[in-house]
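First the structure, in the form of C-alpha cells, and then the observations on it.
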Amino acid sequence: MKHESWRVDKLGDKPSKTWDEACVRFIKEKAHKKSLADDKAKIRALTSFRGRLLTDLSRDFIMRVIDGLDVTNSTKNRYGALIRTILNLCAGEWEWIDKAPTISFKKEPRKRIRWITTDEASRLIAALPQFYADMAEFSLMTGLRQYNVLTLEWSQVDMQRKTAWIHPDQTKSGRPLGVPLND
C-alpha cells in the first residue's frame, strides 16, 4: 500500500497536504497539457512554496511571492493563474482545503500590434542565409509558426489545390489548420 505524506495543520485537528503534493497530483492529472513543461518550470521557480502546508498559503503570502518575482506583470499573472488553478483544484475537486485564497492580477500594458512592411520583409530575407531565407519567406507567406514549418511533411501539402494542412496535434490551439498556398 502506498503511503501518502500527511501533516496536521496548526489547529491540530485536520490532516493537511502540502503544496508539493498538490503540484505532483496536478502534473499527473494534467499530463496531456501542451503547456505542461511551462507549468513545471513555474512550479520549480516557486521555491518559497516548497514544503508548505496548503492551509498556510494565505493570499498575502502568495501575493508577496508573486510581487517578488523579477519578471513582467504579464509573467506574474501567468504565475498567479497557475497557483490559482492548483489551489482551486485543492479546494474543489480534491477537497484538500476549504477555500482557495483569492489572487489578484496585475495590470498588463496594452501592446501595440505592428505588421512587418514589405520592404522590411525583403531586407530580412536578403540578410539571411538561403536556407533560413526560404523558411522565413514561407512563414511570412503562410503565417505558420516555426515548429509547423519545420515539421511540415509532403503528405500535408496538396499542390493541385494549393493548400497545406496542419494536424490538430501539431497546432498550439489543438485544432486542425488549413493553410492556402500561393505560387
Side-chain angles (χ1 to χ4, degrees), residues 19-47 49 62 66 69-94 100 103-183:
W19 169 256
D20 306 280
E21 291 170 302
C23 290
V24 168
R25 183 165 178 181
F26 173 81
I27 290 168
K28 284 180 184 173
E29 289 187 8
K30 304 298 180 183
H32 63 279
K33 275 186 75 179
K34 287 190 178 199
S35 62
L36 188 62
D38 293 335
D39 292 345
K40 287 179 182 179
K42 285 180 180 70
I43 288 168
R44 278 192 295 274
L46 293 169
T47 56
F49 282 62
I62 294 167
I66 291 173
L69 296 172
D70 188 23
V71 295
T72 65
N73 280 353
S74 299
T75 303
K76 288 179 183 182
N77 288 343
R78 303 299 88 69
Y79 275 91
L82 176 63
I83 294 165
R84 181 181 65 186
T85 297
I86 293 172
L87 292 177
N88 281 340
L89 285 167
C90 290
E93 189 174 321
W94 304 339
I103 298 173
S104 55
F105 291 94
K106 310 292 178 196
K107 183 175 173 95
E108 294 185 30
R110 287 189 177 179
K111 298 228 174 166
R112 180 175 63 128
I113 297 175
R114 184 184 173 288
W115 301 95
I116 189 169
T117 66
T118 305
D119 182 52
E120 290 169 328
S122 297
R123 286 185 310 192
L124 171 66
I125 291 167
L128 293 171
Q130 192 58 48
F131 173 75
Y132 293 115
D134 293 341
M135 271 194 348
E137 187 171 9
F138 185 75
S139 294
L140 287 168
M141 297 294 178
T142 61
L144 289 174
R145 296 172 181 271
Q146 178 183 9
Y147 172 81
N148 297 127
V149 172
L150 293 174
T151 59
L152 188 66
E153 297 177 4
W154 280 111
S155 63
Q156 294 171 264
V157 177
D158 186 337
M159 296 297 274
Q160 289 178 321
R161 293 187 181 136
K162 293 185 177 182
T163 59
W165 58 92
I166 309 300
H167 300 294
D169 62 330
Q170 297 173 313
T171 64
K172 187 175 176 181
S173 67
R175 288 183 239 148
L177 176 64
V179 182
L181 301 175
N182 61 16
D183 291 333

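Throughout, numbering of the chain's residues begins at 1 and tracks the sequence.
Between Met159 and Val157, the closest heavy-atom pair is SD-CG1, 3.6 Å. Shortest non-hydrogen contact noted between Leu36 and Ile27 is CD2-O, 4.0 Å. Nearest approach of Ser155 to Trp165, heavy atoms of both residues: O-CZ2, 3.0 Å. The nearest pair of heavy atoms linking Gln156 to Ile166 is NE2-CA, 3.8 Å. The minimum heavy-atom distance between Cys23 and Ile43, with the atom names listed, is SG-CG2, 3.7 Å.
Residues Thr163 and Val179 are not in side-chain contact: their nearest non-hydrogen atoms beyond the backbone lie 4.5 Å or more apart. The shortest side-chain heavy-atom distance between Leu181 and Phe138 falls under the 4.5 Å cut-off. Side chains of Lys76 and Asn73 form a contact here, defined as non-hydrogen atoms less than 4.5 Å apart. Two residues are said to be in side-chain contact when any heavy atoms from C-beta on lie closer than 4.5 Å; Leu177 and Leu144 meet this criterion.
Residue pairs meeting the side chain to side chain donor-acceptor pair (under 3.5 Å) criterion with at least one partner in residues 141-152, sequence neighbours excluded, do not occur; the list is empty.
Among residues two or more places apart in sequence or in another chain, the side-chain contact (heavy atoms from CB on, under 4.5 Å) test is passed with Asp134 by Gln130. Listed by chain and number, the residues in a side-chain contact (heavy atoms from CB on, under 4.5 Å) with Arg110 amount to none (sequence neighbours excluded). Listed by chain and number, the residues in a side-chain contact (heavy atoms from CB on, under 4.5 Å) with Met135 are Phe131, Tyr132, Val149, Leu150 (sequence neighbours excluded). Residues that satisfy the ring pair (Phe, Tyr, Trp, His ring centres under 6.0 Å) test with Phe49, not counting sequence neighbours, are Trp19, Phe61.
Classification of Glu29 and Arg25 as a salt-bridged pair holds, one side-chain N sitting under 4.0 Å from a carboxylate O. Here Glu108 pairs with Arg78 in a salt bridge; the nearest charged N to carboxylate O distance falls below 4.0 Å. Salt bridge Asp39/Lys30: absent, no basic N to carboxylate O contact under 4.0 Å. Ion pairing between a basic and an acidic side chain is recognised when a charged N comes within 4.0 Å of a carboxylate O; Asp183 and Lys162 show such pairing.
The backbone N or O of Gly143 lies less than 3.5 Å from no partner atom in the side chain of Ser139, so there is not a single donor-acceptor pair.
A 6.0 Å sphere centred on NZ of Lys172 holds no more than 12 heavy atoms belonging to other residues, nucleotides or ligands.
Taken from NZ in Lys33 to CZ in Phe26, the straight-line distance is 4.5 Å, to the nearest 0.5 Å.
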Validation: residues 80-93 side-chain donor-acceptor distances under 3.5 Å, sequence neighbours left out:
unit_1 : atom_1 : unit_2 : atom_2 : d
Thr85  : OG1    : Ala81  : O      : 2.9
Asn88  : ND2    : Arg84  : O      : 3.4

Is there a side-chain contact (heavy atoms from CB on, under 4.5 Å) between Thr72 and Asn77? Walk through the geometry before answering. CA-CA 9 Å; Thr72 65; Asn77 288 343; over 6 Å; no
